[in-house]
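Read the numbers this way: they start at 1 and go in the same order the structure lists the ligands and their atoms.
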Amino acid sequence: MKFNYTCSDCGQRYPIQPELTVCPSCREKQIPDQPLQGVLEVKLDGEADRNFEISDLLPVPPQFFPSIPVGGTPLWQPLNLRRDLGFENLYIKDDGLNPTCSLKDRASYLVSAFAAQHGINEIVLASTGNAGSSMAGIGAAAGQKVTLFLPATAPEAKLVQALQYGATVHRVDGSYDLAYDLALTYCQRFGGMSRSTAYNPMTLEGKKTVSLEIFQQLMGAPDFVFVSTGDGCILSGVYKGFRDLHHLGLIDEIPSVVSVQAAGSDALYRAHQSGLFEARATQTIADSICVDVPRNGRHALNQLRSYGGRIITVTDSEIMTAQSRLSRSTGLFSEPAGATAFAGLLKIKAELPPSARIVILVTGNGLKDIATASRGITVPERTIQNLNDIN
Ligand SMILES: *Cc1c(COP(=O)(O)O)cnc(C)c1O
C-alpha cells in the first residue's frame with residue numbers, strides 16, 4: 001500500500017512528512033476564527049481484500065505503534081433498546097472502552113506512532129479534555145513527553161487523568177478556542193509535534209479505524225451511523241474509513257452518517273444551513289463537543305454534502321434523557337457527548353426503517369464527567385446504619 005497527503009481543498013499531493021500540518025498554499029487563505037483551510041488527508045493506493053489487517057491501511061508501519069491496546073472495541077446488540085425502539089438491527093459501538101476511555105485514543109495512537117517514526121519526542125495539543133487525557137496516556141505508553149493546553153473548565157476527571165499519566169498541563173483561563181491557539185503558537189516557538197485536532201492529519205486518519213472495525217464486525221457496511229460532533233474530526237474520520245473501504249472496492253456505498261450536535265454548540269449545523277461559519281460563544285453540558293469554531297468544519301461539511309449525510313441538533317435536556325436511558329436500558333454509562341449520538345437517534349427514529357442496520361457510536365465513558373451525570377439522578381440524602389431506617 002502506498003500513502004501520501006492530499007489537500008482536501010485544492011487537491012495538491014504531498015509526501016507524508018511531520019512538518020506538514022495543513023496544505024502550505026491553502027493556509028494562506030486562513031481567516032481567524034474560521035475552520036482550518038487546507039486540511040490534509042492521507043490517500044491510499046493499493047489493493048486489499050475483505051480479510052485486511054487494519055494496520056495494512058495505516059500510513060505508519062506497525063513497529064512504531066505504542067504498546068497499548070487501542071481500538072478493537074465491541075460492537076454489540078442492545079436487546080432492550082432493540083425491543084423498545086423497534087429497530088431489530090441496532091448496534092452500539094462502545095469506544096468508551098479504549099484505554100483512556102474515549103475514541104480519541106484512535107487518533108493519539110497514530111500520532112504517537114508517527115512521532116516515533118520521525119524521532120520526535122514531544123507532542124503538544126489543546127483539548128476540551130478527552131484528546132488531552134488520551135494523548136497523555138498513549139504518550140506515557142510510548143515514553144513520549146506530552147504538553148497539554150486545557151481550559152480550566154474541563155471536567156476534573158479529565159485533568160486528573162492527564163496528570164496521572166504524567167503530562168505537563170497548562171490550564172488555560174479561557175475557552176478551548178484560546179487553548180487551541182496557544183498550543184499552535186507553543187509548537188511554532190518550541191517545537192514538538194502538534195496533535196491538535198485536524199491540524200495533524202494523523203488525527204483524522206487514526207479515527208477512521210472505527211469505521212474499518214465496524215465493517216469487519218458487521219461483515220459489511222451499516223445503513224446509518226450516528227456520530228456526536230464538535231470539531232467534526234470524528235465525523236470526517238468515520239467518513240474516511242468508509243471512503244477507504246469504498247476506494248478498495250470492499251463496499252458499494254458510503255453509509256448514511258447522521259451528525260448530532262448540541263443545540264448550544266451547533267456551528268456546523270448552522271453552516272450546513274447557511275453555508276457560512278459564524279463564530280458564536282457556545283455552551284452545552286456535553287463539554288467534549290463544546291466548540292465555538294469547529295476546526296475541522298470545512299472538511300466535515302464537505303463530507304456531509306458529498307455523501308448526503310445529515311446533521312441535526314439536540315438540546316441539553318434531550319442529551320441528559322438519552323444518557324440516563326442508555327445507562328438504564330443497556331448498562332452502558334456514557335459521558336454526555338457520548339450519549340448525544342443516541343439522543344439524535346431518539347429524535348429522528350420515526351423516520352428510519354425498522355430493519356435498518358443502525359450503529360450508535362458511543363465516544364466516551366460516563367465516569368469522565370460525574371458532575372454532569374449527577375444532575376440526572378438523586379443522591380439519597382439520608383444515610384443509614386440499620387435496615388430499620390429504610391422506608
Ligand atoms: C472529541 C469528542 C467528540 C467530538 O469529536 P469532534 O472530532 O470534536 O467532532 C465526541 N464525543 C467525545 C466523547 C469526544 O471526546
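Of all protein heavy atoms, the one closest to atom 8 (O) of ligand 1 is Asp231 N, 2.8 Å. When hydrogens are left out, the protein atom nearest atom 14 (C) of ligand 1 is Lys104 NZ, 2.9 Å; that is the closest non-hydrogen contact.
Annotation: side chain of Val362 is not in contact with side chain of Phe342 (no heavy-atom distance under 4.5 Å).
Here Asn130 has side-chain heavy atoms under 4.0 Å from ligand 1, and that is the only part of it that gets that close. Contacts with ligand 1 closer than 4.0 Å are made by heavy atoms of both the backbone and the side chain of Cys233. Contacts between Ile289 and ligand 1 below 4.0 angstrom, taking non-hydrogen atoms only, involve the side chain exclusively.
Those atoms of ligand 1 with a heavy atom of Gly364 less than 4.0 angstrom away are 13 (C). Per-residue contacts place Gly230 under 4.0 angstrom from the following atoms of ligand 1 (heavy atoms of the residue considered): 4 (C), 6 (P), 8 (O), 9 (O). Less than 4.0 angstrom separates some heavy atom of Ser228 from each of these atoms of ligand 1: 4 (C), 10 (C), 11 (N). Distances below 4.0 Å separate heavy atoms of Glu335 from the following atoms of ligand 1: 13 (C).
Going from atom CG of Leu81 over to atom CZ of Arg325 covers 6.5 Å, rounded to the nearest 0.5 Å.
Ligand 1 has no N or O atom lying under 3.5 Å from any N or O atom of Ser102, backbone or side chain.
Between Leu235 and ligand 1 there is no heavy-atom distance shorter than 4.0 Å. For the ligand labelled ligand 1, residue Gly232 lies inside the 4.0 Å heavy-atom shell.
Stacking of Arg82 on the aromatic ring of Tyr91 is recorded, both the 6.0 Å distance cut-off and the 45° axial limit being met.
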